[in-house]
Amino acid sequence: MTKIKNIVFDLGGVLIELDHDCAVRRFEEIGVDDARQLLDPYEQKGFFLEVENGTISSDEFCQKLREYAGKDLSYDAIRHAWLGFIVDTPQYKLDYLLKLREEYNVYLLSNTNPIIQEGWARTSEFTPAGRPIGTYFDKMYTSYEVGVTKPDPKIFEYMIRDSGLNPSETLFVDDGKSNIEIARQLGFETYQPENGEDWREPINRYLSK
């Protein structure tokens with residue numbers, strides 16, 4: 001087996017524990033009656049997808065949501081609804097990333113949006129340690145900045161070109177079945193954890209092969 005040199009992590013369901021039902025409930029509370037149809041644990045729909053693939057900005061998303069709900073919703077109310085997805089950001093997982101970076105290149109590849117990123121993840125609120133998400137990675141590839149969401153191969157291909165990584169030397173860790181399937185087709189080694197799983201030991205075993 002080719003020696004692993006790079007590890008690529010998903011965010012939601014891998015580094016942070018997700019609660020899809022809580023997010024749906026919060027959006028329903030602010031007037032999005034069909035939130036369950038629009039919100040998906042892996043890839044959003046409608047204008048929720050547009051803000052994740054960078055078609056619209058966070059301001060444009062907020063305006064569309066206000067029109068959709070028929071209410072003058074504040075940014076904080078909208079941010080609160082998005083953050084309903086977030087149950088926990090276990091510090092032990094992030095500390096493990098820092099250990100991995102002593103031997104490997106560590107990347108983030110995530111379907112996410114600027115409200116979650118700029119309004120939370122890239123601030124000191126992200127962890128109990130008070131560090132923003134960028135502290136833990138060599139580089140981050142987010143759907144709204146790249147302009148495409150997983151499982152579209154284009155976001156993987158962009159990361160490969162930009163970072164210069166070789167998929168056969170790279171372990172891809174994601175909780176989404178369709179994302180794992182695409183990664184395998186592109187030549188990545190893969191591991192698919194359950195939402196909230198402590199995956200450190202399985203990854204240690206994999207890396208020690």
Side-chain angles (χ1 to χ4, degrees), residues 8-16 18-87 89 107-123 125-126 132-134 137 139-162 172 174-183 186 195:
V8 178
F9 287 94
D10 179 31
L11 180 59
V14 176
L15 296 173
I16 59 179
L18 295 183
D19 187 337
H20 178 245
D21 289 341
C22 179
V24 167
R25 188 166 61 251
R26 287 188 186 183
F27 274 105
E28 287 174 344
E29 286 169 357
I30 62 174
V32 184
D33 295 335
D34 57 347
R36 191 164 296 279
Q37 283 70 52
L38 291 166
L39 288 168
D40 185 274
Y42 303 109
E43 189 176 31
Q44 314 304 339
K45 309 216 170 31
F47 62 95
F48 284 79
L49 175 59
E50 290 178 345
V51 75
E52 292 223 329
N53 66 23
T55 304
I56 60 174
S57 67
S58 57
D59 287 344
E60 289 168 325
F61 172 83
C62 291
Q63 189 51 42
K64 284 195 173 197
L65 186 63
R66 290 176 187 120
E67 293 167 4
Y68 194 81
K71 294 180 183 178
D72 186 20
L73 299 166
S74 69
Y75 172 83
D76 285 344
I78 295 168
R79 174 180 175 273
H80 178 72
W82 272 117
L83 292 183
F85 271 116
I86 315 304
V87 176
T89 309
Y107 301 104
L108 177 79
L109 183 65
S110 174
N111 286 354
T112 185
N113 65 68
I115 297 173
I116 286 178
Q117 285 292 308
E118 315 296 342
W120 174 67
R122 300 187 187 188
T123 75
E125 290 181 50
F126 178 62
I133 189 171
F137 296 95
K139 190 153 189 183
M140 303 193 300
Y141 297 94
T142 62
S143 57
Y144 75 95
E145 291 172 309
V146 176
V148 62
T149 54
K150 296 178 292 183
D152 192 317
K154 290 189 183 73
I155 192 168
F156 292 88
E157 290 161 356
Y158 179 91
M159 176 181 66
I160 291 166
R161 285 196 310 273
D162 184 77
F172 176 69
D174 194 296
D175 66 322
K177 184 172 182 287
S178 56
N179 300 334
I180 289 287
E181 287 171 354
I182 292 295
L186 292 170
N195 179 32

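The two residues D175 and G13 come nearest to each other via the heavy atoms OD2-CA, 3.7 Å. Scanning both residues, C62 and I115, for their nearest heavy atoms gives SG-CD1, 4.1 Å.
The backbone N or O of L73 lies less than 3.5 Å from a partner atom in the side chain of R66, making a donor-acceptor pair.
Rounding to the nearest 0.5 Å gives a distance of 11.5 Å between CD of E118 and OG of S57. The OG atom of S110 sits 7.5 Å away from the CD atom of E52 when rounded to the nearest 0.5 Å. Note that OG of S58 is 8.5 Å distant from OH of Y144, once rounded to the nearest 0.5 Å. Taken from CD1 in I16 to CG in D19, the straight-line distance is 11.5 Å, to the nearest 0.5 Å. Taking CZ of F126 as the reference point, atom CD1 of I116 lies at 11.0 Å (rounded to 0.5 Å).
The pair E181-K177 meets the salt-bridge criterion, with a side-chain N (NZ, NE, NH1 or NH2) lying under 4.0 Å from an Asp/Glu carboxylate O.
Between I155 and L109, the closest side-chain pair of non-hydrogen atoms falls below 4.5 Å. P114 has its side chain out of reach of T142: every pair of non-hydrogen atoms, C-beta onward, lies at least 4.5 Å apart. For the pair Q117/L11, a side-chain contact is recorded, criterion being any heavy-atom separation below 4.5 Å from C-beta on. Using a 4.5 Å cut-off on side-chain heavy atoms (C-beta onward), L108 and I133 make contact. The side-chain heavy atoms of N179 and I182, taken from C-beta on, include no pair separated by under 4.5 Å. With a 4.5 Å cut-off on side-chain heavy atoms, Y107 and F172 do not count as touching. For the pair W120 and T89, the minimum side-chain heavy-atom distance is below 4.5 Å.
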Next on the checklist: Please evaluate residues F85 and V24 with respect to the criterion side-chain contact (heavy atoms from CB on, under 4.5 Å), reporting the C-alpha separation (whole Å), side-chain torsions for both, the decisive distance (0.1 Å), and the verdict.
Outcome noted: CA-CA 8 Å; F85 271 116; V24 167; over 6 Å; no
Next on the checklist: Assess the residue pair E50 and K64 against the criterion (side-chain contact (heavy atoms from CB on, under 4.5 Å)); give the C-alpha distance rounded to whole Å, side-chain angles, the decisive distance to 0.1 Å, and a yes or no.
Outcome noted: CA-CA 11 Å; E50 290 178 345; K64 284 195 173 197; 3.0 Å; yes
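Aromatic ring orientation, F27 versus F61: perpendicular (interplanar angle above 60°, classes split at 30° and 60°).
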Would you give me the side-chain donor-acceptor pairs under 3.5 Å for residues 29-39, sequence neighbours excluded?
residue, atom, partner, partner atom, Å
D34, OD1, Y68, OH, 2.9
D34, OD2, Y68, OH, 2.7
R36, NH1, D21, OD1, 3.1

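Inspection of the T55 and N53 side chains reveals an N or O donor paired with an N or O acceptor under 3.5 Å.
With sequence neighbours excluded, no residue forms a salt bridge (Lys or Arg N to Asp or Glu O under 4.0 Å) with K154. With sequence neighbours left out, E125 forms a salt bridge (Lys or Arg N to Asp or Glu O under 4.0 Å) with R79. Every residue was checked against the side chain to side chain donor-acceptor pair (under 3.5 Å) condition with E28, not counting sequence neighbours, and none meets it. Not counting sequence neighbours, Y141 has no partner by the ring pair (Phe, Tyr, Trp, His ring centres under 6.0 Å) test.
The list of salt bridge (charged side-chain N to carboxylate O under 4.0 Å, His left out) pairs with a residue in residues 139-153, not counting sequence neighbours, reads D10-K150, R122-E145, K139-D162, K150-D174.
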